[in-house]
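Computed from a prediction, not measured in an experiment: that's the story for all the values here.
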Amino acid sequence: MPLGKSYKLEIFPETKKVSVELSLVEENLPILITGDYKISENSIELKNFSCSKVWLQEAINFYMNSKNSFSISLEKFLAEFLTKFL
């Protein structure tokens, strides 16, 4: 069962920022998540997340407290994103 759907994905190459607007199951309003990205040869590194929902921002902060960034292979990132939100 999908966790939600993506309404909009915006990538700003000039500033290395990404913005995702999602609709999560049991949430009435869309959620906006933004962050910085860096793409290397085989992975994408995400950091400096900001979220429009306080509860989700706190979960992100808790997870990211021990890490400066989140890195994932490009192949896995795209596969997971497509599976969860499309």
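Test Lys16, Lys17, Lys47 against Asp36 for side-chain hydrogen bond (donor to acceptor under 3.5 Å, both in side chains) and you get one pass: Lys17. When each of Asn61, Leu22, Ile31 is checked for a side chain to side chain contact (heavy atoms under 4.5 Å, CB included) with Leu56, only Ile31 meets the rule.
Counting non-hydrogen atoms of other residues, nucleotides and ligands closer than 6.0 Å to CD of Glu14 gives a total above 12. In the displayed structure, Glu75 atom CD is contacted under 6.0 Å by at most 12 heavy atoms of other residues, nucleotides or ligands.
Atoms CD1 and CG, on Ile72 and Asn42 in that order, are 13.0 Å from each other to the nearest 0.5 Å. In this structure, Leu32 CG and Ser50 OG are separated by 7.5 Å, a value rounded to the nearest 0.5 Å. Expressed to the nearest 0.5 Å, how far CD of Glu21 lies from CD1 of Ile33 amounts to 10.5 Å.
Clustering ILVMFWY residues whenever any of their side-chain heavy atoms sit less than 4.5 angstrom apart, transitively, puts Phe62 in a cluster other than the one holding Leu24.
In this structure, the side chain of Gln57 engages the main chain of Cys51 through a donor-acceptor pair within 3.5 Å.
Between Ser19 and Phe12, the shortest heavy-atom contact is CB-CE1, 4.2 Å. Taking both residues in full, the closest heavy atoms of Ser52 and Pro30 are given as OG-O, 4.3 Å, listed atom of the first, atom of the second, then distance. Scanning both residues, Ile60 and Phe49, for their nearest heavy atoms gives CG2-CB, 3.6 Å.
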